[in-house]
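Everything on this sheet refers to the single structure shown next.
One-based numbering, in listed order, for ligands and for the atoms of each.
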Amino acid sequence: MTIILASASPRRRDLLTQVGCDFVVMTSGVVEDNAQAVPPHELAVLQAKEKALDVFSKVQAHDVVIGADTIVVLDGQVYGKPVDKNDARRMLTSLAGKEHQVITGIAVVTAKEIWNDFVVTNVKIGDIKAEEIEAYLTTGEPMDKAGAYAIQGMGALFVESINGCYANVVGLPLNKLSELLKKAGVKLL
Ligand SMILES: Cc1cn([C@H]2C[C@H](O)[C@@H](COP(=O)(O)OP(=O)(O)OP(=O)(O)O)O2)c(=O)[nH]c1=O
């Protein structure tokens with residue numbers, strides 16, 4: 001049995017490595033569509049499942065595949081990764097001074113069953129000056145992150161408080177993952 005992380009995200013690799021998991025990475029060919037007409041938590045779960053199932057179709061039947069999808073939700077509106085600098089500017093401007101939700105959908109797929117769930121973390125962004133947004137954009141950090149910020153990077157300068165799982169914001173809710181892996185018969189400890 002091999003544990004396979006169906007993700008191109010370096011953050012997810014780091015988080016899984018942090019908890020001593022022995023795994024390999026295979027990226028899925030799934031194209032995300034955050035405009036689908038389903039509630040945000042369902043969207044995250046749906047896309048996590050799609051990524052995991054796509055990879056599962058290419059591996060051995062006894063393997064275990066983990067997929068995840070992280071989105072930012074502000075007043076019911078879903079923010080994925082920004083398409084360009086203008087999009088990132090728009091996201092950061094609207095997140096400033098408000099609380100939003102970071103939702104990660106997670107799926108663990110085996111030949112027997114698909115276990116899936118999602119985790120919500122509330123994040124309050126403080127007031128940000130326009131010039132700070134411009135300076136942050138020049139770092140390039142926002143571009144591959146949902147909501148255009150990275151709590152684990154310079155984006156931490158904007159985060160006033162969080163309520164909930166930190167790893168969930170970075171892209172992989174480790175406590176929830178452990179719960180799903182146990183159901184699939186995989187123990188990390
Ligand atoms: C909010 C936030 C998101 N992110 C990242 C985590 C995810 O990599 C990314 C959300 O995009 P995702 O579409 O969830 O993941 P991905 O495209 O990077 O990787 P894959 O689909 O192959 O698994 O945003 C941070 O790194 N820090 C943060 O604070």
Side-chain angles (χ1 to χ4, degrees), residues 3-18 21 23-36 40-56 58 65-74 77-84 87-88 90-92 94-96 98-109 116-126 128 133 136-137 139-174 176-177:
I3 299 174
I4 298 159
L5 177 65
S7 176
S9 163
R11 279 77 53 179
R12 296 202 171 108
R13 288 177 211 182
D14 290 349
L15 285 165
L16 204 49
T17 303
Q18 180 192 321
C21 184
F23 66 100
V24 298
V25 167
M26 276 180 75
T27 53
S28 81
V30 171
V31 179
E32 289 159 25
D33 175 12
N34 288 331
Q36 295 177 79
H41 65 279
E42 279 180 30
L43 179 73
V45 170
L46 196 83
Q47 296 189 145
K49 275 201 277 190
E50 272 176 1
K51 292 176 193 181
L53 285 169
D54 181 62
V55 167
F56 191 78
K58 295 167 197 156
V65 179
I66 301 164
D69 189 61
T70 302
I71 54 174
V72 159
V73 184
L74 177 71
Q77 271 223 299
V78 174
Y79 295 177
K81 289 168 286 188
V83 292
D84 56 23
D87 201 24
R90 177 189 68 85
M91 289 183 186
L92 290 165
S94 49
L95 292 174
K98 294 184 195 136
E99 186 176 77
H100 65 267
Q101 287 72 49
V102 178
I103 304 180
T104 298
I106 180 151
V108 171
V109 175
N116 54 255
D117 210 337
F118 64 93
V119 176
V120 184
T121 304
N122 286 301
V123 180
K124 169 83 197 294
I125 300 292
I128 322 175
I133 292 181
Y136 186 48
L137 291 173
T139 67
E141 186 178 279
M143 293 321 295
D144 58 346
K145 317 290 186 314
Y149 74 93
I151 197 169
Q152 73 276 24
M154 289 193 73
L157 295 170
F158 301 146
V159 177
E160 201 172 286
S161 61
I162 84 164
N163 190 354
C165 175
Y166 171 81
N168 184 51
V169 183
V170 186
L172 197 62
L174 293 169
K176 180 61 74 181
L177 174 67

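In this structure, the side chains of Ile125 and Val159 come closer than 4.5 Å at one or more pairs of heavy atoms. By the 4.5 Å heavy-atom criterion applied to side chains, Val30 and Gln47 are not counted as neighbours. Between Lys51 and Glu32 there is a side-chain heavy-atom pair separated by less than 4.5 Å. Residues Gln152 and Lys145 are in side-chain contact: their nearest non-hydrogen atoms beyond the backbone lie under 4.5 Å apart. Taking the side chain as every heavy atom from C-beta outward, Tyr149 and Leu92 approach each other to under 4.5 Å. Between Tyr79 and Leu95 there is a side-chain heavy-atom pair separated by less than 4.5 Å.
The closest approach between Ala150 and ligand 1 falls below 4.0 Å for a heavy atom of the residue.
The pair Arg11-Asp14 does not count as a salt bridge, with every side-chain nitrogen at least 4.0 angstrom from each carboxylate oxygen.
For Ala146, a nitrogen or oxygen atom sits less than 3.5 Å from a nitrogen or oxygen atom of ligand 1, counting backbone and side chain alike. Polar contact check, Ser7 against ligand 1: a nitrogen or oxygen pair lies under 3.5 Å apart. Considering backbone and side-chain N/O of Val102, none are found under 3.5 Å from N/O of ligand 1. Annotation: Ala8 places an N or O atom under 3.5 Å from an N or O atom of ligand 1; distance criterion only.
When heavy-atom distances to ligand 1 are checked against a 4.0 Å cut-off, Lys145 comes that close through both its backbone and its side chain. If you look at Asp144 next to ligand 1, the close heavy atoms, those under 4.0 Å, all belong to the backbone. The residue Gln47 has no part lying near ligand 1, judged by heavy-atom distances below 4.0 Å.
With respect to atom 18 (O) of ligand 1, the closest heavy atom belonging to the protein is Ser9 CB, 3.6 Å. The closest protein non-hydrogen atom to atom 6 (C) of ligand 1 is Val170 O, 3.3 Å. Nearest to atom 3 (C) of ligand 1 among the protein's heavy atoms is Val169 O, 3.5 Å. In this structure, atom 17 (O) of ligand 1 lies nearest to the protein heavy atom Lys81 NZ, 2.3 Å. Looking only at protein heavy atoms, the nearest one to atom 13 (O) of ligand 1 is Glu32 OE2, 2.7 Å. For atom 29 (O) of ligand 1, the closest non-hydrogen atom on the protein side is Ile151 N, 2.7 Å. Atom 7 (C) of ligand 1 has its closest protein heavy atom at Arg12 NH2, 3.9 Å. The shortest contact between atom 27 (N) of ligand 1 and any protein heavy atom is with Gln152 OE1, 2.9 Å.
For ligand 1, the atoms lying closer than 4.0 Å to a non-hydrogen atom of Lys51 are 12 (P), 13 (O), 14 (O), 15 (O), 20 (P), 21 (O), 23 (O).
Closest non-hydrogen pair, Thr104 versus Gly171, comes out as CG2-O, 3.6 Å.
Classified by interplanar angle (parallel below 30°, tilted 30° to 60°, perpendicular above 60°), the ring pair His41/Phe118 is tilted.
A donor-acceptor pair under 3.5 Å is absent between the side-chain atoms of Ser28 and the main chain of Val55, judged by distance alone.
Val102 pairs in a side-chain contact (heavy atoms from CB on, under 4.5 Å) with only one of the listed residues (Asn122, Val169, Val73, Val119), which is Val169.
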